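Since this is a predicted model, take the numbers as computed values, not measurements.
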Amino acid sequence: GYENTKITDEAAYQGKYSLKFENLPGTHDGFVGTVKYLLDSSAPLGKKVPGNYDITSLQAQTGDLLRISVWLKGEDLDPVEAASVGDQASFAITPIFHNTYGNNEGWGEFWSSDIPLKFPAVTSFDWMQFYVDVVVREGATSISVRLHPLGRFEGTVYCDLLEIRKLDLVGVETSEAIPVQYTLFQNYPNPFNPATIISYTLPKQSAVSIKIFDILGREVRTLLNSEQGAGVYKIEWDGRSNYGTKVASGTYIYRIDAGDFTQSKKMILLK
């Protein structure tokens, strides 16, 4: 871990507390790791394993698919900086497979991977569930997980309700986040010139329409009109109309229609 990580009652998805990560010092990664969790019931559960605090098994064997999920809330983020830096400015989930059982039996790591999560292109977002899927590696007897802001990460993230479970291989989603509700985020940057990003979430496959209107309610631009699966999306508006002409400075309204969900927000174009 590192000094800017703490348990806090400032925010929580479930219960009273969450784990809080704040800005990293310099360019050093920070993380909080779990204990090891046994993968298969054929592991020697009958003997006492010093430091092994896991009393159940994931009932997972080589080739099985595990889903690692966590609920996150973001504040004071810089999506422009994150986009320019790339993965090193991301928050990651890091699954680690071990060939040892107990937490005091030696590390025994033989496979791990930092899997950066794709946050909405906004400065803050409310509680959302993110996940990664990993295949159990041959020879693995246990797994641990790190919540892992990478070296150039900026902002604050609250973490709650980390879960690991085995999945059936039928109907597995492939996106990196599981929205639990429809959401339309405030565009970023705002005010903007010449372009801005609009982010939104879909909890299920939906027919999606995103349109821009002027302050009088006249349609200016249709950005999207198509079917999309569940996930976190972003789309750019370049300040042009349906005819390709640049629009005037002023206040505009963007609206999403997805399934039975409709929401509008205001944005300002400055020149």
Side-chain angles (χ1 to χ4, degrees), residues 11 71-86 89-91 116-130 153-158 173-271:
W71 286 82
L72 303 177
K73 178 179 181 179
E75 295 181 352
D76 302 320
L77 306 174
D78 189 341
V80 173
E81 176 71 7
S84 64
V85 172
S90 299
F91 190 97
L117 304 176
K118 293 182 180 178
F119 285 178
V122 293
T123 54
S124 64
F125 60 87
D126 206 354
W127 289 105
M128 293 176 60
Q129 188 185 38
F130 292 81
F153 176 80
E154 295 184 6
T156 300
V157 171
Y158 298 92
E173 297 112 342
T174 57
S175 65
E176 293 177 351
I178 313 173
V180 295
Q181 62 184 11
Y182 291 102
T183 307
L184 178 65
F185 296 101
Q186 187 63 50
N187 64 300
Y188 185 87
N190 187 47
F192 67 96
N193 179 30
T196 190
I197 298 293
I198 297 169
S199 298
Y200 57 98
T201 66
L202 307 175
K204 60 183 178 181
Q205 184 166 331
S206 308
V208 183
S209 169
I210 297 178
K211 294 185 176 183
I212 311 293
F213 300 89
D214 65 20
I215 199 65
L216 298 177
R218 297 172 297 196
E219 182 180 324
V220 173
R221 178 79 175 269
T222 296
L223 292 178
L224 180 71
N225 188 16
S226 67
E227 192 91 3
Q228 291 185 311
V232 180
Y233 294 91
K234 60 183 179 182
I235 191 168
E236 182 181 70
W237 183 40
D238 58 5
R240 295 180 181 271
S241 71
N242 284 327
Y243 302 102
T245 58
K246 292 184 178 181
V247 301
S249 298
T251 300
Y252 292 86
I253 298 168
Y254 59 101
R255 187 185 74 196
I256 183 172
D257 293 283
D260 296 329
F261 174 76
T262 297
Q263 189 172 8
S264 300
K265 290 182 179 290
K266 292 182 179 180
M267 58 183 170
I268 298 174
L269 172 61
L270 294 179
K271 294 184 179 179

Can you check whether [X] reaches [Y] side chain to side chain, under 4.5 Å on heavy atoms?
X      : Y      : answer
Phe153 : Glu81  : no
Val208 : Tyr233 : no
Phe125 : Leu77  : yes

Contact summary for [X] and [Y], nearest pair of heavy atoms:
X      : Y      : value
Arg255 : Ser264 : CG-OG, 3.1 Å
Lys266 : Gln186 : O-NE2, 2.8 Å
Leu223 : Glu236 : CD2-O, 3.9 Å

Closer than 3.5 angstrom, by distance alone: can the side chain of [X] be matched with the main-chain N or O of [Y] as a donor-acceptor pair?
X      : Y      : result
Gln263 : Phe185 : no
Ser241 : Tyr243 : yes
Arg221 : Arg240 : yes

Whether over 12 other heavy atoms sit under 6.0 Å from Lys271 NZ: yes
Lys234 atom NZ, over 12 foreign heavy atoms within 6.0 Å: no
Verdict with reasoning, Asn225 to Ser209, per side chain to side chain donor-acceptor pair (under 3.5 Å): CA-CA 4 Å; Asn225 188 16; Ser209 169; 4.7 Å; no
Quick check for you: to the nearest 0.5 Å, what is the distance between [X] atom [atom1] and [Y] atom [atom2]?
X      : Y      : atom1 : atom2 : answer
Lys73  : Asp126 : NZ    : CG    : 5.0 Å
Glu219 : Lys211 : CD    : NZ    : 4.5 Å
Asp214 : Leu269 : CG    : CG    : 12.5 Å
Met267 : Thr251 : CE    : OG1   : 10.0 Å
Thr222 : Phe213 : OG1   : CZ    : 7.5 Å
Tyr254 : Ile235 : OH    : CD1   : 12.5 Å

Geometric class of the Phe130/Phe119 ring pair [parallel <30°, tilted 30-60°, perpendicular >60°]: tilted
When the side chains of residues 191-202 are checked against the rest of the protein, which donor-acceptor pairs come out under 3.5 Å, sequence neighbours left out?
residue : atom : partner : partner atom : Å
Asn193  : ND2  : Leu270  : O            : 3.4
Thr196  : OG1  : Asn187  : ND2          : 3.0
Thr196  : OG1  : Tyr188  : O            : 3.3
Thr196  : OG1  : Pro189  : O            : 2.8
Ser199  : OG   : Ala121  : N            : 3.1
Tyr200  : OH   : Gln228  : OE1          : 2.7
Tyr200  : OH   : Gln228  : NE2          : 3.3
Thr201  : OG1  : Gln181  : O            : 3.0
Thr201  : OG1  : Thr183  : N            : 3.2
Thr201  : OG1  : Thr183  : OG1          : 3.3

